[in-house]
Amino acid sequence: MHGSAGPRPGVPARWWQHLRAGHLGPCIRYHQGIFYVFSNVNGVGLQVFRSQSIKGPWERNQLPGRHDLSVLFDDDGKIYIISGGSSPYPIEELAPDLRSFNANAPKRALVGRMGEGHHLYKINGKYVDVSAIPGGPVDQMVAIADSIDGPWKVERMVQGESMGVTAAAPVHAQPNDRGLWLHQGGIVDTPSGEWWSIIMSDHGSAGRMVSLVPVTWDNGFPLIGRPGNLRKAPTPGSSPTPATRRNPGRPSSTTTTSMALS
């Protein structure tokens with residue numbers, strides 16, 4: 001653990017009262033040498049943390065609350081934030097200093113059946129939002145647009161995938177047990193050019209179980225699965241191809257193997 005961006009003793013007591021519910025849906029970004037953490041705290045508001053080092057110290061400011069948000073630093077310098085759990089999902093602009101919303105920005109929204117837990121990206125010039133239909137046995141959706149203004153095309157990213165884990169304890173599971181599905185996570189690419197999703201499923205008192213599953217781009221959409229078996233996770237054992245990188249400061253015949261997700 002490198003550090004914590006949260007409050008320390010000496011901050012207002014109302015912080016600790018609300019933080020018992022935790023930071024909800026943190027969005028972590030690194031832009032122009034600065035680390036950012038955006039996190040909503042129910043009853044308090046949207047917290048914006050920033051630091052030149054992942055270890056801190058962290059500076060904080062507060063904005064009006066936004067549910068399950070995601071932030072995108074666009075190529076033209078604009079900063080977009082999408083949030084909400086039902087359509088239409090507002091897409092707002094933040095001021096360059098991240099201390100206010102841009103009240104003069106055009107009104108934008110993503111219209112379509114998406115969900116909560118947004119992950120907003122710009123990939124190869126396309127705007128991509130990934131979010132999950134709220135619930136347990138539910139799916140994850142993905143939306144694509146050529147412009148942040150839309151129109152957005154929506155597809156199902158994963159469908160009915162429980163990874164073989166039942167909703168009830170195995171000893172009590174029935175034949176018709178649908179399980180609890182993969183339905184909330186983001187996507188990453190590796191140095192070798194592969195795409196993967198780090199995605200979770202809710203399992204009650206066991207918590208949120210996290211899976212690493214491959215992603216295939218199909219007709220412009222990132223879908224979980226392999227070609228010929230899209231929207232389903234492959235059998236256990238799939239893992240990213242390690243990237244071989246030269247270790248700076250070592251002889252050219254010495255390499256180190258690592259996987260860097262960005």
Asker: Is there a side-chain contact (heavy atoms from CB on, under 4.5 Å) between W217 and I123 once you walk through the steps?
Answerer: CA-CA 12 Å; W217 287 83; I123 302 172; 4.0 Å; yes

Asker: When you measure from the side chain of S51 to the backbone N and O of F35, does any donor-acceptor pair fall under 3.5 Å?
Answerer: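 Answer holds: no.
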
Asker: Give a yes or no on whether V213 and M157 share a hydrophobic cluster (residues Ile, Leu, Val, Met, Phe, Trp, Tyr; joining criterion: side-chain heavy atoms under 4.5 Å apart).
Answerer: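 As far as the 4.5 Å side-chain criterion goes, M157 and V213 are connected within one cluster.
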
Asker: Return the OG to CG distance between S83 and N40, rounded to the nearest 0.5 Å.
Answerer: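 One finds 8.5 Å between OG of S83 and CG of N40.
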
Asker: Write down the atom of H67, the atom of G85, and the distance for their closest heavy-atom approach.
Answerer: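 Answer, listing the atom of H67 first, then G85: CD2-N, 4.0 Å.
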
Asker: On a heavy-atom basis, which atom in L98 and which in N61 lie closest, and how many Å separate them?
Answerer: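 It is O-ND2, 3.0 Å.
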
Asker: Residues two or more places apart in sequence or in another chain: which of them pass side chain to side chain contact (heavy atoms under 4.5 Å, CB included) with S87?
Answerer: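 With neighbours one apart ignored, the set is Y89, V111.
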
Asker: Applying side-chain hydrogen bond (donor to acceptor under 3.5 Å, both in side chains), can you list everything that pairs with E59, at least two apart in sequence or on another chain?
Answerer: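 Partners of E59 under the side-chain hydrogen bond (donor to acceptor under 3.5 Å, both in side chains) test: R99.
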
Asker: Please determine whether residues V130 and M141 belong to a single hydrophobic cluster, defined as Ile, Leu, Val, Met, Phe, Trp and Tyr linked transitively by side-chain heavy-atom distances below 4.5 Å.
Answerer: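 No, because V130 and M141 fall into different hydrophobic clusters, even though each may have its own neighbours under 4.5 Å.
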
Asker: Can you find a heavy atom in the side chain of I82 that is under 4.5 Å from one in the side chain of L110?
Answerer: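 Yes. Closest side-chain heavy atoms under 4.5 Å.
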
Asker: Are the ring centres of F73 and Y36 closer than 6.0 Å?
Answerer: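 Distance test on ring centres: under 6.0 Å, yes.
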
Asker: Can I148 be reached from I79 by stepping across I, L, V, M, F, W or Y side chains whose heavy atoms are under 4.5 Å apart?
Answerer: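 Unlinked, I79 and I148 end up in two clusters.
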
Asker: Does R66 count as lying over the ring of F101, i.e. NZ or CZ under 6.0 Å from the six-ring centre, within 45 degrees of the axis?
Answerer: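 Relative to the ring axis of F101, which defines the angle, R66 lies inside both limits.
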
Asker: Who passes salt bridge (charged side-chain N to carboxylate O under 4.0 Å, His left out) against E161, sequence neighbours left out?
Answerer: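 In terms of salt bridge (charged side-chain N to carboxylate O under 4.0 Å, His left out), with neighbours along the sequence ignored, E161 is linked to no residue.
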
Asker: Tell me whether the count of non-hydrogen atoms from other residues, nucleotides or ligands lying under 6.0 Å of CG in D146 goes above 12.
Answerer: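 Counting neighbours around CG of D146, 12 or fewer heavy atoms of other residues, nucleotides or ligands fall under 6.0 Å, so no.
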
Asker: E93: which residues meet the salt bridge (charged side-chain N to carboxylate O under 4.0 Å, His left out) condition with it, sequence neighbours left out?
Answerer: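 E93: salt bridge (charged side-chain N to carboxylate O under 4.0 Å, His left out) contacts with R108.
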
Asker: Would one find more than 12 heavy atoms of other residues, nucleotides or ligands at under 6.0 Å from atom CG of N219?
Answerer: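 No, the 6.0 Å shell around CG holds no more than 12 heavy atoms from other groups.
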
Asker: Assigning hydrophobic clusters by single linkage (Ile, Leu, Val, Met, Phe, Trp, Tyr; side-chain heavy-atom cutoff under 4.5 Å), is I199 placed with L230?
Answerer: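 Yes; L230 is reachable from I199 via cluster members.
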
Asker: Minimum heavy-atom separation for G186 to S197, with atom names?
Answerer: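 Result for this residue pair: O-OG, 3.0 Å.
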
Asker: Can you find a pair of side-chain heavy atoms, one from Y121 and one from L72, that are under 4.5 Å apart?
Answerer: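 No, their side chains stay 4.5 Å or more apart.
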
Asker: Do M114 and D129 come within less than 4.5 Å of each other through their side chains, counting heavy atoms only?
Answerer: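 Yes; the side chains approach each other to less than 4.5 Å.
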
Asker: Go through I34 and Q52 one step at a time and tell me if the side-chain contact (heavy atoms from CB on, under 4.5 Å) criterion holds.
Answerer: CA-CA 5 Å; I34 303 293; Q52 292 183 344; 3.5 Å; yes

Asker: Determine whether I187 and W196 make a side-chain contact, defined as any pair of heavy atoms from C-beta on separated by less than 4.5 Å.
Answerer: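 Not in contact.
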
Asker: Assess the side chains of T190 and S192: does a donor N or O sit below 3.5 Å from an acceptor N or O?
Answerer: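 Yes, side-chain donor-acceptor contact under 3.5 Å.
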
Asker: If I compare all heavy atoms of I144 with all of P222, which pair ends up nearest, and what's the gap?
Answerer: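 Where I144 meets P222 most closely, the heavy atoms are CD1-CD, 4.0 Å.
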
Asker: What is the distance from atom CD of Q47 to atom CG of L63, rounded to the nearest 0.5 Å?
Answerer: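 If we round to the nearest 0.5 Å, Q47:CD and L63:CG are 8.5 Å apart.
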
Asker: Please tabulate, one pair per line, all N/O donor-acceptor pairs under 3.5 Å involving side-chain atoms of residues 25-32, not counting sequence neighbours.
Answerer:
| from | atom 1 | to | atom 2 | distance (Å) |
| --- | --- | --- | --- | --- |
| R29 | NE | V71 | O | 2.7 |
| R29 | NH2 | S70 | OG | 3.2 |
| R29 | NH2 | V71 | O | 3.1 |
| R29 | NH2 | L120 | O | 3.3 |

Asker: Does E194 have any salt bridge (charged side-chain N to carboxylate O under 4.0 Å, His left out) partners at least two apart in sequence or in another chain, and if so, which?
Answerer: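 With neighbours one apart ignored, the set is empty.
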
Asker: Write down the atom of A145, the atom of P151, and the distance for their closest heavy-atom approach.
Answerer: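 The pair with the smallest heavy-atom distance is CB-O, 3.4 Å.
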
Asker: According to side chain to side chain contact (heavy atoms under 4.5 Å, CB included), who are the partners of A109, at least two apart in sequence or on a separate chain?
Answerer: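 Listed in chain order: P88.
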
Asker: Please walk me through it: do L46 and V41 pass side-chain contact (heavy atoms from CB on, under 4.5 Å)?
Answerer: CA-CA 6 Å; L46 170 58; V41 177; over 6 Å; no

Asker: With the side chain counted from C-beta on, respond yes when V44 and Q62 share a heavy-atom pair under 4.5 Å apart, and no when they do not.
Answerer: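 Answer yes - side chains close enough.
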
Asker: How long is the span from the CG atom in N102 to the CG atom in L94, to the nearest 0.5 Å?
Answerer: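 Taking CG in N102 and CG in L94, the distance rounds to 9.0 Å.
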
Asker: ring-ring contact (aromatic ring centres under 6.0 Å, His included) with F221: which residues, sequence neighbours excluded?
Answerer: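 Per chain and number, F221 pairs via ring-ring contact (aromatic ring centres under 6.0 Å, His included) with no residue.
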
Asker: Could you grab the distance from atom CG of L69 to atom CD of E92, nearest 0.5 Å is fine?
Answerer: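 Atom-to-atom, L69:CG and E92:CD are 10.0 Å apart.
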
Asker: Check side-chain hydrogen bond (donor to acceptor under 3.5 Å, both in side chains) between D74 and all other residues, then give those that pass, not counting sequence neighbours.
Answerer: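 K122, Y127.
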
Asker: Considering residues at least two apart in sequence or located in another chain, which fulfil the ring-ring contact (aromatic ring centres under 6.0 Å, His included) criterion with W152?
Answerer: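 Here no residue qualifies.
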
Asker: Shared ILVMFWY cluster between V154 and V128, side chains joined below 4.5 angstrom?
Answerer: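 No, no single cluster joins them.
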
Asker: Looking only at heavy atoms, what is the nearest atom pair of I133 and H183, with distance?
Answerer: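 Minimum heavy-atom contact is O-CD2, 3.8 Å.
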
Asker: What residue pairs, at least two apart or across chains, pass side-chain hydrogen bond (donor to acceptor under 3.5 Å, both in side chains) with a residue in residues 130-142?
Answerer: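 Sorted result for residues 130-142: D139-R156.
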
Asker: As an exercise, state the distance from CD of Q184 to NE2 of H118, rounded to the nearest 0.5 Å.
Answerer: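 If I round to the nearest 0.5 Å, the distance is 9.5 Å.
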
Asker: Quick one: list whatever passes side chain to side chain contact (heavy atoms under 4.5 Å, CB included) with P227, sequence neighbours left out.
Answerer: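 Partners of P227 under the side chain to side chain contact (heavy atoms under 4.5 Å, CB included) test: T216.
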
Asker: Quick one: NE2 on H119 to CG on D68, what's the gap to the nearest 0.5 Å?
Answerer: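 Answer rounded to 0.5 Å: 9.0 Å.
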
Asker: Decide side-chain contact (heavy atoms from CB on, under 4.5 Å) for I198 and V210; before the verdict, give the C-alpha distance in whole Å, the side-chain angles of both, and the deciding distance to 0.1 Å.
Answerer: CA-CA 7 Å; I198 301 173; V210 178; 3.7 Å; yes

